[in-house]
Amino acid sequence: MSSPAHSPAHGGHDHGHDESKFQIYVQIAMLLAVITGVEIVAVYLPFAKWILVTSLVVLSAVKFLFVIFYFMHLRWDKPFCTVLFFIGLVIAGGTAWALIALFQAEASLPLPT
Amino acid sequence: MSSHAATAEIDHHHDPTTSTGIPNKKLLMWAFLASDCMFFGVLISTHLIYRLHPPAGGLDPKVIFSPELTSFSTFILLMSSLMMALAVTAIQKGNVKSCRWSLLTTIFFGMIFLGCQVYEFEHFVHDKKMTISNSLLGTTFYTLTGTHGCHVAIGVLWLALMYVRSFKPGAGSAQRSWFSGQIFHAATLIVVLLLALKVTLGLVHAIQVQPSLGGAMGLFMKEQVLWIGAMLLALWGCVWFARPRGPVHFGVANAIDVESMGLYWHFVDIVWIVIFTAVYLLEYL
């Protein structure tokens, strides 16, 4: 949304835009609730562990992205906000990945006492 | 209520007066959230590392965790995010009354989440015997979820202060006693929230210890009647402070303040989305 959101010349259009935004928010909230329900049910399903882990990670990522792009308005904001946030996110994710990988190494396991 | 006239002049997402084109308050909040990502990233990975290498004889999370309670609090936090988004939309349209109700609902959901967390911690410590110092699971779990809970508590306090701020009288109104009056307004609102938390925990406790609903309600009323009375009194104080007193100095121009607060609140929600999967759900596989 690069043009002003509330132009006097487009009052009727903006009213419709606000209404649709309200509907989008409610629909996304319902979708997030349904995804949460699916996650809870999924852990009890008799599938292979790697399938369930992958599914849970993907579903969480979908919820995460819906919240940041719609509820946090990144979809309508300047791309710089997205870049700034993803810098932090990538560093955090990279740190987590590096730490978990380091502790998988046999040399990092605690010595038997 | 504030004037709607300014609505047509403000672009709520972009600010041509800054070199980045982004309002400074929003840029500050995004930079802070990026740094907070790293903070929570390290806490979550620490918990996962110790869960992947559990010490021999450690506690079993499956026995300790309660998926029903955690699922309920996750749903509540998602709904609070919806109400926060609606509060931002309302103030961007200059609808102060709707914004206030959305803020109050967000506060209400935030307090339910905190209540669930207080109950969960109390249950884990007293019934499941998992403290922050007697096990590695307890140390990483309480540090991670406790830090998140502190973020939620700060968010609730911020929301309450923003709600009270929305009553600041407009230009031309008598402002002499506004500040001292609103300190009492904020204090009363916080007292209501804390008493509501105590009464809710009392209700949950009564339901747990009594086999029948009638017995639970009897015990609840017997133990909590004074606290309920105090809460209703404080609630009446809040309603009195919120009575209409002419135009207010809060409207479309404050949308960026509410939006920045909303960004913080949604961030707390997305952190919980990750914690819910990484800390709770993965244990049940």
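Chain letters run A, B, ... following the sequence lines, proteins first, then strands; residues in each count from 1.
- Within a 6.0 Å sphere centred on CZ of B/Phe32, heavy atoms belonging to other residues, nucleotides or ligands number more than 12.
- Counting all heavy atoms, side chain and backbone alike, B/Ala34 lies closest to A/Leu84 at CB-O, 3.6 Å.
- In this structure, the separation between CG on B/Leu48 and CD1 on A/Ile100 is 5.0 Å, given to the nearest 0.5 Å.
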Pair A/Lys63-B/Ile270, side-chain contact (heavy atoms from CB on, under 4.5 Å): steps then yes or no = CA-CA 8 Å; A/Lys63 283 164 71 179; B/Ile270 57 174; over 6 Å; no

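- B/His53 places a side-chain N or O within donor-acceptor distance of the main-chain N or O of A/Phe103, the cut-off being under 3.5 Å.
- By the 6.0 Å contact criterion, CZ on B/Phe75 is open, its count of non-hydrogen atoms from other residues, nucleotides or ligands being 12 or less.
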Show your working on side-chain contact (heavy atoms from CB on, under 4.5 Å) between A/Asp77 and B/Ile22 and close with a plain yes or no.
-> CA-CA 8 Å; A/Asp77 272 333; B/Ile22 302 164; over 6 Å; no

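- Contacts of B/Glu259 with chain A are made by side-chain atoms alone, with heavy-atom separations under 4.5 Å and no backbone atom involved.
- Heavy atoms closer than 4.5 Å to chain A are found nowhere in B/Ser35, neither backbone nor side chain.
- Remark: B/Ile275 CD1 to A/Ser60 OG distance equals 11.5 Å, nearest 0.5 Å.
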Might you work through the side-chain contact (heavy atoms from CB on, under 4.5 Å) test for B/Trp30 and A/Ile87, ending with a clear yes or no?
-> CA-CA 11 Å; B/Trp30 277 115; A/Ile87 287 172; over 6 Å; no

Take B/Leu86 and A/Tyr25 through the side-chain contact (heavy atoms from CB on, under 4.5 Å) test and state the conclusion after the steps.
-> CA-CA 8 Å; B/Leu86 295 183; A/Tyr25 287 153; 4.0 Å; yes

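- Residues B/Phe267 and A/Met72 come closest through the heavy atom pair N-CE, 4.1 Å.
- Residues B/Leu285 and A/Trp50 are not in side-chain contact: their nearest non-hydrogen atoms beyond the backbone lie 4.5 Å or more apart.
- With a 6.0 Å radius and a threshold of 12 heavy atoms from other residues, nucleotides or ligands, B/Trp158 has its CH2 atom above the threshold.
- For a residue to count as touching a neighbouring chain, one of its non-hydrogen atoms must lie under 4.5 Å from one of that chain's; by this rule B/Leu263 touches chain A with backbone and side chain alike.
- Residue B/Thr277 is tested with A/Leu56, A/Val53, A/Thr36, A/Leu59 for a side chain to side chain contact (heavy atoms under 4.5 Å, CB included); the sole match is A/Leu56.
- We find the CD-NZ distance between B/Gln92 and A/Lys21 to be 5.5 Å, quoted to the nearest 0.5 Å.
- Separating the CD1 atom in A/Ile28 from the CG atom in B/Leu82 is a distance of 9.5 Å, to the nearest 0.5 Å.
- Between A/Ala33 and B/Met79, the shortest heavy-atom distance links the atoms CB-CE, 4.4 Å.
- Contact between B/Thr20 and A/Lys78 at its shortest, heavy atoms only, is O-CD, 3.5 Å.
- For the options B/Leu78, B/Asp36, B/Val88, heavy-atom pairs under 4.5 Å to chain A are most numerous at B/Leu78.
- Dense packing is recorded around CZ of A/Phe64, with more than 12 heavy atoms of other residues, nucleotides or ligands lying under 6.0 Å away.
- In this structure, SG in B/Cys37 is found 9.0 Å from CZ in A/Phe86, a value given to the nearest 0.5 Å.
- Nearest heavy atom pair, residue B/Met38 against residue A/Ala92, reads CA-CB, 3.7 Å.
- Residue A/Leu74 touches chain B through its side chain alone, counting heavy-atom pairs closer than 4.5 Å.
- A tilted orientation is assigned to the rings of B/Tyr284 and A/Tyr44, their planes being inclined by 30° to 60°.
- Closest of all the heavy-atom pairs between B/Leu281 and A/Val43 is O-CG1, 3.6 Å.
- The CZ atom of A/Phe71 lies 8.0 Å from the CG atom of B/Asp269; values are rounded to the nearest 0.5 Å.
- When heavy atoms are compared at a cutoff of 4.5 Å, B/Val271 does not approach chain A at all.
- Contacts of B/Leu27 with chain A are made by both backbone and side-chain atoms, with heavy-atom separations under 4.5 Å.
- A/Leu32 is not listed as a side-chain neighbour of B/Ile273, based on a closest heavy-atom distance of 4.5 Å or more.
- With a 4.5 Å cut-off on non-hydrogen atoms, B/Leu52 touches chain A through its side chain but not through its backbone.
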